[in-house]
Amino acid sequence: MTDFDGLFRAAGVTGFLHAVDLDTGAEVGHGADEPVVLASVFKLALLVEFFRQVDRGELDAAERVTVMADRHTPGPTGVSAMADDVTISLRDLAYLMIAVSDNTAADALIGRVGLAAVNTMLASFGLTRTWVEHDCAGLLASIVEDTGQEDMSTEPAVVARLRVLDPARTNRSTPRETTRLLGMIWRDEAASPESCAWMRRLLGLQVWPHRLASGFPYDDVAVSGKTGTLPTLRNEAGVVEYPDGGRYAVAVFTRSYGTAQNQPRADAVIGTAARIAVERLRS
């Protein structure tokens, strides 16, 4: 039996994990039903509801919108980091939201999709413990309100005050519900087959190699996913696909003991834990 507790502890984190074979239903879990903070993993649910609205004809994926520079949500990537107004399609906003976790792209989509619609969709799927409380701007505003400063603090006493680290007060789910949503995308159950194919493509374009993908450094194994990061929190949920057709949804959520922003062991343990879980499913 794998000692996931010891594995996570050695990396300086508390961790929660669920992995499932998308074809057989075999699963591996460690705190799989514990409430966890999604951070940017919430963008996965937004992606699904966006494409469902496209399927229903309520939104046109190719519609071009202009995101004004003075309306950008803070963030280090994508439109958030750009200096000027940006005109872009809704579908390409979805790409930036997933591939580089662009906060402005996510909030622009939320403006069209609506948070209420995302939560209604989650409830209709039976994902009763998954909830999107706020957009990226709202999340960041609460951090500023709780800390009294614009810059992200690493002071433990300050970090301890953050409401966004409490699953009861922020965007939340469980590892098991997160893999269920991924499974619905990979089995064409979350939306139309065409839209699910688009979602799989976008999740396969995520650029970050240091978490989930680090556990599967093989040319013939595909890893598609979405990361999430907040002070002390490092998450990733995704699907690992092998050349023999095996496909496994994995969600790993961690909270570090320390508050330093750079913690490579905490990033790497996500890939290590995921690989161990998938290898158990394949054995």
Side-chain angles (χ1 to χ4, degrees), residues 8 11-16 34-46 67-86 93 96-97 100-111 113-116 118-119 129-174 208 210-211 226-237 252-267 269-270:
F8 287 126
V13 304
T14 301
F16 308 92
E34 290 298 313
V36 292
V37 174
L38 287 171
S40 280
V41 178
F42 93 87
K43 294 166 185 173
L44 180 64
L46 174 58
V67 182
M68 307 304 289
D70 61 357
R71 299 293 301 275
H72 288 183
T73 302
T77 60
V79 179
S80 289
M82 295 179 187
D84 302 310
D85 300 346
V86 174
L93 285 173
L96 289 172
M97 171 182 77
V100 296
S101 205
D102 183 344
N103 290 338
T104 295
D107 283 357
L109 278 183
I110 289 170
V113 171
L115 286 186
V118 174
N119 287 317
R129 302 184 65 194
T130 304
W131 181 263
V132 182
E133 183 76 23
H134 37 223
D135 61 9
C136 299
L139 184 153
L140 294 171
S142 82
I143 292 176
V144 172
E145 185 177 329
D146 290 344
T147 63
Q149 57 191 66
E150 293 288 337
D151 294 331
M152 200 73 79
S153 175
T154 57
E155 175 61 40
V158 174
V159 172
R161 297 201 297 266
L162 297 180
R163 286 168 287 168
V164 296
L165 304 184
D166 178 1
R169 296 189 286 178
T170 190
N171 301 340
R172 56 191 176 269
S173 186
T174 68
W208 316 123
H210 61 310
R211 292 183 182 167
K226 181 69 199 76
T227 62
T229 308
L230 282 170
T232 72
L233 301 183
R234 290 160 180 81
N235 311 326
E236 187 161 357
V252 186
F253 296 85
T254 73
R255 182 163 186 172
S256 61
Y257 305 148
T259 58
Q261 291 185 15
N262 294 315
Q263 297 195 40
R265 288 188 309 156
D267 290 319
V269 78
I270 293 175

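What's counted below: heavy atoms across the whole structure, side chains too, no hydrogens, waters or symmetry copies.
Counting only heavy atoms from C-beta outward, the side chains of L230 and L139 approach each other to under 4.5 Å. Residues T170 and L165 are not in side-chain contact: their nearest non-hydrogen atoms beyond the backbone lie 4.5 Å or more apart. When side chains are defined from C-beta on, V79 counts as touching H72, because their heavy atoms get closer than 4.5 Å. Looking at heavy atoms from C-beta onward, P35 lies in side-chain contact with R129 at the 4.5 angstrom threshold.
For R71, the CZ atom is loosely surrounded, since the number of other residues' heavy atoms within 6.0 Å does not exceed 12.
Checking side-chain atoms of N171 against main-chain N and O of H134 turns up a donor-acceptor pair under 3.5 Å. Put simply, the side chain of D107 gets close to the backbone of A137: a donor and an acceptor are under 3.5 Å apart.
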One pair to check against side chain to side chain contact (heavy atoms under 4.5 Å, CB included): I110 and L115. What are the steps and the verdict?
CA-CA 6 Å; I110 289 170; L115 286 186; 3.8 Å; yes
Could you give me the CA-CA distance, side-chain angles and deciding distance for V252 and E236, then say whether side chain to side chain contact (heavy atoms under 4.5 Å, CB included) is met?
CA-CA 6 Å; V252 186; E236 187 161 357; 6.0 Å; no
For F42 and C136: C-alpha separation, side-chain torsions, deciding distance, then whether side chain to side chain contact (heavy atoms under 4.5 Å, CB included) applies.
CA-CA 10 Å; F42 93 87; C136 299; 3.8 Å; yes
Checking side chain to side chain contact (heavy atoms under 4.5 Å, CB included) for the pair T259/E155: CA distance, chi angles, key distance, verdict?
CA-CA 7 Å; T259 58; E155 175 61 40; over 6 Å; no
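Here N235 contributes atom CG and D267 contributes atom CG; the two are 10.5 Å apart, rounded to the nearest 0.5 Å. The distance from the CG atom of L93 to the OG1 atom of T104 is 9.5 Å, given to the nearest 0.5 Å. Taken from CZ in F253 to CG in L38, the straight-line distance is 5.5 Å, to the nearest 0.5 Å. A distance of 8.0 Å separates CZ of F8 from CD1 of I270, quoted to the nearest 0.5 Å. Rounding to the nearest 0.5 angstrom, the gap separating the CG atom in D85 from the CG atom in D70 is 7.5 Å. Here the OG atom belonging to S40 is positioned 10.0 Å from the CE atom belonging to M97, to the nearest 0.5 angstrom.
Of all the heavy atoms in T130 and S173, the pair that sits closest is OG1-OG, 2.7 Å. For the residue pair V164 and S142, the shortest heavy atom distance occurs at CG1-OG, 3.1 Å. Shown here for Q263 and G258, the closest heavy-atom pair between the two residues is NE2-O, 3.2 Å. Nearest heavy-atom pair across A105 and L96 is CB-CB, 4.0 Å. Closest approach of V41 and G228 over heavy atoms only: CG2-N, 3.8 Å. When all heavy atoms of V100 and W208 are compared, the closest pair comes out as O-CZ2, 3.7 Å.
Ion pairing of D146 with R161 is absent here, as no side-chain N (NZ or NE/NH1/NH2) approaches a carboxylate O to less than 4.0 Å. The pair E133-R172 counts as a salt bridge, with a side-chain nitrogen and a carboxylate oxygen less than 4.0 angstrom apart.
At a cut-off of 3.5 Å, with distance as the only test, a side-chain donor of K43 or N103 sits close to an acceptor on the other residue. A donor-acceptor contact under 3.5 angstrom links the side chains of T229 and R211, judged on distance only.
Of the residues listed (V159, V13, T254), the one engaging T232 in a side-chain contact (heavy atoms from CB on, under 4.5 Å) is V159, and it is the only one.
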